[in-house]
*Asks:* 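Before I ask anything, let me first share the structure, which is written out below as structure tokens.
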Amino acid sequence: MDTEYVGSGKLGQILKQIWRQNQMLKQALLGDDLCEGAGGATWMATVVFLGQELSRALYQLLEHTTGTLHSTCQQLHVLLDKENQCVWRKEIVTFIDCLIKITEHLGSTAALLKKEEKEMCNLCGMHDECTPQQTMSSIQDTKAADIAARGELNVIETVTVSPTNGEDSHYTNQVQLEKNKTHMSSALVEKENSTSLKGCVLGQEESQNKMFPDNAENEDDKQIEHMTVENINGNRKEIHGIIQTTERKIQETSESPREEMTTSSIICDIAKKYINSTLPNDSENIKHKNNIMEKEYLDVLSDDTDPQVSCYITAPSYVLQQLECRIINNMSSLIVGDNEELVSNVVTIECSDKEKRIPFPIGIAIPFTARYRGNYRDIMVKVCDTNLQSSYLNPNSLEGMKGGYKGTCASVKVYKLGIFSVVSCLKKESFTVTKKGLTLKSSMDSRISLSYPPGVFTSPVLVQLKIQPVDPALVAHLKAQQDTFYSVQSTSPVIHIQHPSTYPFQKPVTVFLPCSPYLDKNNLGSEIDHKRRASATINRITSSYFSRTKSASVRKPGKNASECLKLLGFRSQDSGWCELDDVVVKTIQSSLISVELNEHLQRFIVLHLSSTMDNSHLVTFVKSLEEAMLSTTACIVLSHQKDNPHRIAVLVVPSKDLSQALKNLRLEGFGGPPEPSRHFQVREGEQLLLRFTGNIFASSNGKDYGKDYTLIFHLQRKPRLELQIKEVDEFGNYSCPHYKGTIVVYKVPKGKIVPNLNQSLVTNENHSQLPICKLPLKLPKHKKLINRPQSIQRVSKDPVEALWDNLLHWLAEELSEENAESLSSTLPLHHSTIQLIKLKNPDDLTEQIHEFLCFWKKSLPTFTDKLRLLARHLRKIGRSDLSEELKFKWENKVFTEPQQWFDVAAE
């Protein structure tokens, strides 16, 4: 065997050691000394140990290779999903099949190696005469002999084994001592030893790089390697002197067996000292690399918020020091796709040192909160690169605590860095159809099954299945919107199925799926595992529709001859949806049907019709239904902080969660006008642009005013903005008691969004489309305080005004909330004035009533009989008692004693 061709990596070093052991046994067999007794046991233990190391190294290499091939298969599947019309699609599918087979073979081989390694461990445990320490010493002695041999210095190597059965026995393996060793140049020995040891260190580094291709040398490794070589060069003279002294002792005392045993111990100590003195830093380096830790990464979303956990990363400690993690939720519009819902922050993980290679895989755990789950949806980790090319990873675990975070985390092992997020998407079920065919019942819905007859494909094919249930409320809503859809009684779930287009069906494929003959409000729960997204408006339409259908006579399915089942399929993006008249749709039971497919369809749906419909209307209905399933009815809520009207909160809230959102805002100290905006349809990840117009503009940090702001809608998250607002011109709106402005809301199409990882998404300024809603803004005007000199400061001492103020405070305390509402509607006051007064004093009803009474009094001319008018309005709202008492107090100049409002004013 030529040792030059086995390589200098870990496997090469082990194979060289095994080869030397074989040469040693061969020389012993050619001589008179046979490998018997303790000496044979030592040699056996050494070879077994090397066999274990060889098996472990091969197992690690196979594991890494299997992981790399698996990652390659995932990337190829992503390529097939993205490129439906790829020219090389057939070749890619064949290549994927080959990689899967290779991965299976490598996995079985790795399992076999693991099993054989355990057998060798049991073999070592059966013999007690050779301890692991002695085996390691033997291997170290072998390495020392190898180092000495490279320097052309031959050493007597004697391994002493503990006596067994009460007898002294030892085995001596003597390598011939050449006569010219004492005349060898010391400089040559030092040079060769230094070169040999340096090569050993480099060989170990190359071994790690070969075992883990993604792992590269870092600056710490280079520094350790440099220190190791310097230490070797510094101690080489001392080591050479010790070896020469020991050789002289061997020549003087080689006659006595006892002394020979002592000499052998000296040689072992020299070898151990040599090995330990030359490779200490390398072992520390390995320990440093194996120091796996978990680090918590925090990030701040805005200036006013506390830092929150972005992710947890498990990797070697020196790698964690180089990784940076940031939350980039502004990119979420471009991250989520159709039928996906974002349930976590969007985080990007980068390495500060671009040239450093990372020992993949590393562990990443991302906190998430999923409010809606079910049989049809799954939690996946989505990985995107800088070009937004995405792939999906199945989390290893979803539960458990991470550090101080209490909640759910999606943990995955990744082989590259990029942009990570956790999404709720349609559950994917994958299976392989062989030449023998397959009959499969879906694990998501037992009513749905597929039957592939034998010979349907000429070779094994990978098939992926997704099921998207249809909410009957959406069907009822579409029917109420357009009369041409009235014939649609019910629908089946939308079936997403993916076959390789290069393998056409040789025989029809039968699909069994549910399709109720009529809409049944009681069976909504069995069809939908997701919470219903319909708004209150849709619910009212649906309720009226169900009441209308129940009032009619209920007929049994199948009695009407005009009833029919129609299959509509989606072939590709180019052809879109179309009706398939040549496909046979059969009714198996009252709510179970079967479809025989003769061609590949990306997705399909079956409609149950009460009467015939035009094909164009059927296609329009399915397109509208698909768009409705991807959309959510929502509205925008604007609330002012009660203590500070200049601070507002803007939220995008699903209509079904509106009441709960308003309640939560009140608990946080927000409230007041205006009312929520009108309801509109918005898709997951759609961006809403908020533009401030009029005499009010906003800022997110209290400094930069005049900008537009965006809100990105996510159904399972809480899109929210907290802004500071102020007037543009303090002298504007001079005819109103408050400043006025408007928030105009636009939808931003994805085509106008420019991705940017370092700042907020850039949008084109051209908004030709109409706004989806407008929200009025109001701010109370500042009271201008004029500092006059003391000599001319005005002091009001009119007793009539003091009596009026006292009477209005008394009246404000006597009136209830209902009386105040009635009185404000009868008094000639603008609605905006009432709203502004409520905004200034949202929690003090007495102060609100006193404020608008004072405002009404000041708005009247001075010559008007205010007492008579106020008494008339009190009688009009049914409070004649207060009218009479008010007249009595005015005529008798009765001042009400100081009440709680005096105390409040004093405070």
Side-chain angles (χ1 to χ4, degrees), residues 329-344 346 369-372 377 421 423-426 468 470-471 473-474 477-478 481 528 530-542 623-639 649-662 664-665 674-691 708-721 723 742-753 760-761 763-764 767-775:
N329 287 339
N330 57 297
M331 290 285 294
S332 62
S333 292
L334 303 176
I335 296 300
V336 293
D338 293 342
N339 295 313
E340 293 179 359
E341 296 171 3
L342 185 69
V343 294
S344 74
V346 180
T369 302
R371 294 187 291 168
Y372 311 134
R377 303 195 72 84
S421 59
V423 296
S424 171
C425 56
L426 292 178
Q468 185 177 10
V470 178
D471 190 347
L474 292 179
H477 174 59
L478 293 176
Q481 279 188 329
I528 299 297
H530 205 285
K531 279 194 173 183
R532 191 183 309 168
R533 301 184 183 183
S535 66
T537 306
I538 294 179
N539 289 336
R540 287 195 298 270
I541 295 174
T542 307
K623 288 181 178 179
S624 302
L625 180 63
E626 191 174 38
E627 181 65 25
M629 288 192 294
L630 296 176
S631 303
T632 303
T633 305
C635 64
I636 294 182
V637 176
L638 170 64
S639 294
V650 186
L651 296 83
V652 184
V653 182
S655 300
K656 59 185 177 57
D657 299 333
L658 179 59
S659 58
Q660 184 63 38
L662 294 176
N664 294 337
L665 284 172
E675 297 295 327
S677 71
R678 69 179 186 86
H679 299 273
F680 54 88
Q681 295 293 316
V682 60
R683 298 183 64 164
E684 176 73 14
E686 198 160 24
Q687 218 180 97
L688 303 176
L689 180 70
L690 308 181
R691 175 161 293 173
D708 295 339
Y709 295 91
T710 57
L711 273 174
I712 303 176
F713 176 76
H714 295 291
L715 180 65
Q716 300 205 43
R717 294 178 65 79
K718 299 177 181 178
R720 175 170 177 159
L721 272 178
L723 303 171
T742 306
I743 300 179
V744 185
V745 184
Y746 298 89
K747 281 186 181 181
V748 181
K750 276 192 175 182
K752 294 187 177 182
I753 301 175
S760 299
L761 292 182
T763 56
N764 297 332
H767 296 290
S768 57
Q769 59 182 358
L770 297 175
I772 57 174
C773 65
K774 295 181 180 180
L775 292 168

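Numbers here simply count residues along the sequence, with the first being 1.
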*Asks:* Could you walk me through whether Lys718 and Leu651 pass side chain to side chain contact (heavy atoms under 4.5 Å, CB included), step by step?
*Replies:* CA-CA 8 Å; Lys718 299 177 181 178; Leu651 296 83; 6.0 Å; no
*Asks:* Can Val343 and Thr369 be said to form a side chain to side chain contact (heavy atoms under 4.5 Å, CB included), step by step?
*Replies:* CA-CA 6 Å; Val343 294; Thr369 302; over 6 Å; no
*Asks:* So do the side chains of His714 and Ile712 get within less than 4.5 Å of each other, counting heavy atoms only?
*Replies:* yes
*Asks:* Would you say Arg683's side chain and Phe713's backbone share a donor-acceptor pair under 3.5 angstrom?
*Replies:* no
*Asks:* Looking at every heavy atom in both Leu711 and Val652, which two are closest together, and how far apart are they?
*Replies:* CD1-CG2, 3.6 Å
*Asks:* Evaluate the side-chain proximity of Leu342 to Arg717: yes if any heavy-atom separation is below 4.5 Å, no if none is.
*Replies:* yes
*Asks:* Can you tell if the side chain of Gln687 reaches within under 4.5 Å of the side chain of Lys747, non-hydrogen atoms only?
*Replies:* no
*Asks:* State, without any angle test, whether His679 and Ser655 hold a side-chain donor-acceptor pair at a distance under 3.5 Å.
*Replies:* yes
*Asks:* So, do Phe680 and Leu688 sit near enough that their side-chain heavy atoms are less than 4.5 Å apart?
*Replies:* yes
*Asks:* Would you call Pro654 and Leu715 a side-chain contact if the rule is heavy atoms closer than 4.5 Å?
*Replies:* yes
*Asks:* Donor-acceptor pair, distance only, cut-off 3.5 Å: does the side chain of Asn329 make one with the backbone of Val346?
*Replies:* yes
*Asks:* Looking only at side-chain N and O atoms, does Arg377 offer a donor or acceptor that is under 3.5 Å from a partner on Ser424?
*Replies:* yes
*Asks:* Assess whether side chain to side chain contact (heavy atoms under 4.5 Å, CB included) is satisfied between Thr742 and Leu775, documenting all intermediate values.
*Replies:* CA-CA 6 Å; Thr742 306; Leu775 292 168; 5.9 Å; no
*Asks:* Can any side-chain N or O of Ser333 pair as donor or acceptor with the backbone N or O of Gly685 at less than 3.5 Å?
*Replies:* yes
*Asks:* Whether the side chain of Thr710 engages the backbone of Leu689 through a donor-acceptor N/O pair (distance < 3.5 Å, no angle test) should be reported.
*Replies:* no
*Asks:* Side-chain contact test, heavy atoms from C-beta onward, threshold under 4.5 Å: evaluate it for Val470 versus Met629 and give yes or no.
*Replies:* yes
*Asks:* So Glu684 and Val423, do their side chains get closer than 4.5 Å, heavy atoms only?
*Replies:* no
*Asks:* If only atom types and distance count, is the side chain of Gln716 paired as donor or acceptor with the main-chain N or O of Ala370 below 3.5 Å?
*Replies:* no
*Asks:* Is there a side-chain contact between Ile636 and Val745 (heavy atoms, below 4.5 Å)?
*Replies:* yes
*Asks:* So, the side chain of Ser631 versus the backbone of Ala628: is there a donor-acceptor pair under 3.5 Å, distance only?
*Replies:* no
